[in-house]
Peer 1: 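Structure provided below as structure tokens; questions to follow.
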Amino acid sequence: MSEEFMKLKLRCPKESEIQLIKKLAENGDKSVDLTNLKVSEMGDGHMGSLLLFVDGKYIRRESPIYVSECQFKDVDGVVVIATLYSDVNGVLSEVDIWKTNFEPLIALPSSYDV
């Protein structure tokens with residue numbers, strides 16, 4: 001693993017993050033095994049984007065492959081867009097979260113009826 005990724009703080013995903021990843025995978029017709037998933041928060045202004053580490057491995061996306069996206073509203077009513085990406089082998093690698101007013105995400109929804 002590169003030195004850049006050795007500095008990342010890996011953690012187990014929160015339940016709300018698991019629900020989002022499941023929804024995005026379902027939207028993209030991808031099966032997902034979250035048993036050994038670890039995540040690391042990205043430096044995105046606290047919008048909630050995550051690097052995904054399956055079995056402790058991160059696959060750098062030279063050419064990101066779009067899997068799916070969904071939209072929801074943050075608790076303040078601002079639209080948030082979440083996009084799931086994989087590497088060229090189909091391994092899920094990143095969840096990009098963008099709050100459309102560029103402010104920090106307050107909270108992920110507890111369910112997705114999108």
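Remember, predicted model here, so these are calculated numbers, not experimental data.
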Peer 1: Does Asp74 use its side chain to pair, donor to acceptor, with the backbone of Leu105 at less than 3.5 Å?
Peer 2: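 No, Asp74 side chain to Leu105 backbone: no donor-acceptor pair under 3.5 Å.
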Peer 1: Mind checking side chain to side chain contact (heavy atoms under 4.5 Å, CB included) for Asp33 and listing every partner two or more places apart, or none if nothing turns up?
Peer 2: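 Side chain to side chain contact (heavy atoms under 4.5 Å, CB included) check on Asp33 returns Thr35.
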Peer 1: Set out, in order, the CA-CA distance, both residues' side-chain angles and the distance that settles side-chain contact (heavy atoms from CB on, under 4.5 Å) for Val39 and Leu10, then state yes or no.
Peer 2: CA-CA 5 Å; Val39 298; Leu10 299 184; over 6 Å; no
Peer 1: To the closest 0.5 Å, what do you measure between CD1 (Ile21) and CG (Leu84)?
Peer 2: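 CG of Leu84 is found 7.5 Å from CD1 of Ile21.
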Peer 1: Are Glu69 and Ile81 side-chain neighbours, meaning at least one heavy-atom pair lies under 4.5 Å?
Peer 2: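 Heavy-atom side-chain distance check passes, below 4.5 Å.
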Peer 1: Could you pull out the closest heavy-atom pair between Gly28 and Ser68, with the gap in Å?
Peer 2: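 Between these two residues, the closest heavy atoms are N-CB, 3.6 Å.
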Peer 1: Decide yes or no for Thr100 and Val80: does some side-chain heavy atom of the first lie under 4.5 Å from some side-chain heavy atom of the second?
Peer 2: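 Thr100 does not reach Val80 side chain to side chain.
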Peer 1: For a 4.5 angstrom cut-off between non-hydrogen side-chain atoms, does Leu20 reach Cys70?
Peer 2: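 Heavy-atom side-chain distance check passes, below 4.5 Å.
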Peer 1: Run the side chain to side chain donor-acceptor pair (under 3.5 Å) test against Asn101 and tell me which residues pass, sequence neighbours left out.
Peer 2: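 Partners of Asn101 under the side chain to side chain donor-acceptor pair (under 3.5 Å) test: Glu103.
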Peer 1: Between Phe72 and Leu108, is there a side-chain heavy-atom distance shorter than 4.5 Å?
Peer 2: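 With C-beta onward as the side chain, the pair touches.
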Peer 1: Do the side chains of Phe53 and Leu37 get nearer than 4.5 Å, heavy atoms only?
Peer 2: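 Of all side-chain heavy-atom pairs linking Phe53 with Leu37, none is under 4.5 Å.
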Peer 1: Any side-chain heavy atom of Ile106 within less than 4.5 Å of one from Lys99?
Peer 2: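 Yes. Closest side-chain heavy atoms under 4.5 Å.
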Peer 1: Does the side chain of Lys38 reach to within under 4.5 Å of the side chain of Cys12, using non-hydrogen atoms?
Peer 2: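 Yes, side chains in contact.
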Peer 1: Hey, are the side chains of Val95 and Leu24 touching, using non-hydrogen atoms and a 4.5 Å cut-off?
Peer 2: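 Yes, close enough: below the 4.5 Å cut-off.
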Peer 1: Can any side-chain N or O of Ser16 pair as donor or acceptor with the backbone N or O of Pro109 at less than 3.5 Å?
Peer 2: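 No: the side chain of Ser16 does not pair with the backbone of Pro109.
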Peer 1: Donor-acceptor check, side chain of Asp76 to backbone of Val78, threshold 3.5 angstrom: yes or no?
Peer 2: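 Yes, Asp76 side chain to Val78 backbone: donor-acceptor pair under 3.5 Å.
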Peer 1: Where the side chain of Lys30 meets the backbone of Gly90, is there a donor-acceptor pair that is under 3.5 Å apart?
Peer 2: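 Indeed, once roles are kept as given, a pair shorter than 3.5 Å links the two residues.
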Peer 1: Can you list everything that forms a side chain to side chain donor-acceptor pair (under 3.5 Å) with Thr83? Sequence neighbours excluded, please.
Peer 2: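 For Thr83, no residue satisfies side chain to side chain donor-acceptor pair (under 3.5 Å) once neighbours in sequence are set aside.
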Peer 1: Can you tell me how far apart CD1 (Ile97) and CG (Leu50) are? Round to the nearest 0.5 Å.
Peer 2: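 Rounded to the nearest 0.5 Å, the CD1-CG separation comes to 5.5 Å.
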Peer 1: Check for a donor-acceptor pair, side chain of Glu17 on one end and backbone N or O of Lys14 on the other, with a separation under 3.5 Å.
Peer 2: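 A pair under 3.5 Å: yes.
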Peer 1: Between Leu51 and Met42, does a side-chain contact (heavy atoms from CB on, under 4.5 Å) hold up when you go through it step by step?
Peer 2: CA-CA 7 Å; Leu51 294 176; Met42 296 173 64; 3.7 Å; yes
Peer 1: Take Leu34 and Lys22 through the side-chain contact (heavy atoms from CB on, under 4.5 Å) test and state the conclusion after the steps.
Peer 2: CA-CA 9 Å; Leu34 303 175; Lys22 284 181 179 179; 3.8 Å; yes
Peer 1: Going by side chain to side chain donor-acceptor pair (under 3.5 Å), name the residues that satisfy it together with Ser110, two or more places apart in sequence or in a different chain.
Peer 2: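 With sequence neighbours excluded, Ser110 shows a side chain to side chain donor-acceptor pair (under 3.5 Å) to no residue whatsoever.
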Peer 1: With Lys73, which residues qualify under side chain to side chain contact (heavy atoms under 4.5 Å, CB included), at least two apart?
Peer 2: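 Partners of Lys73 under the side chain to side chain contact (heavy atoms under 4.5 Å, CB included) test: Val79.
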Peer 1: Tell me every residue that passes side chain to side chain donor-acceptor pair (under 3.5 Å) with Glu41, counting only those two or more places apart in sequence or in another chain.
Peer 2: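 With sequence neighbours excluded, Glu41 shows a side chain to side chain donor-acceptor pair (under 3.5 Å) to Arg11, given in chain and number order.
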Peer 1: Val67 vs Ser86, test: side-chain contact (heavy atoms from CB on, under 4.5 Å). Steps then yes/no.
Peer 2: CA-CA 7 Å; Val67 174; Ser86 74; 3.8 Å; yes
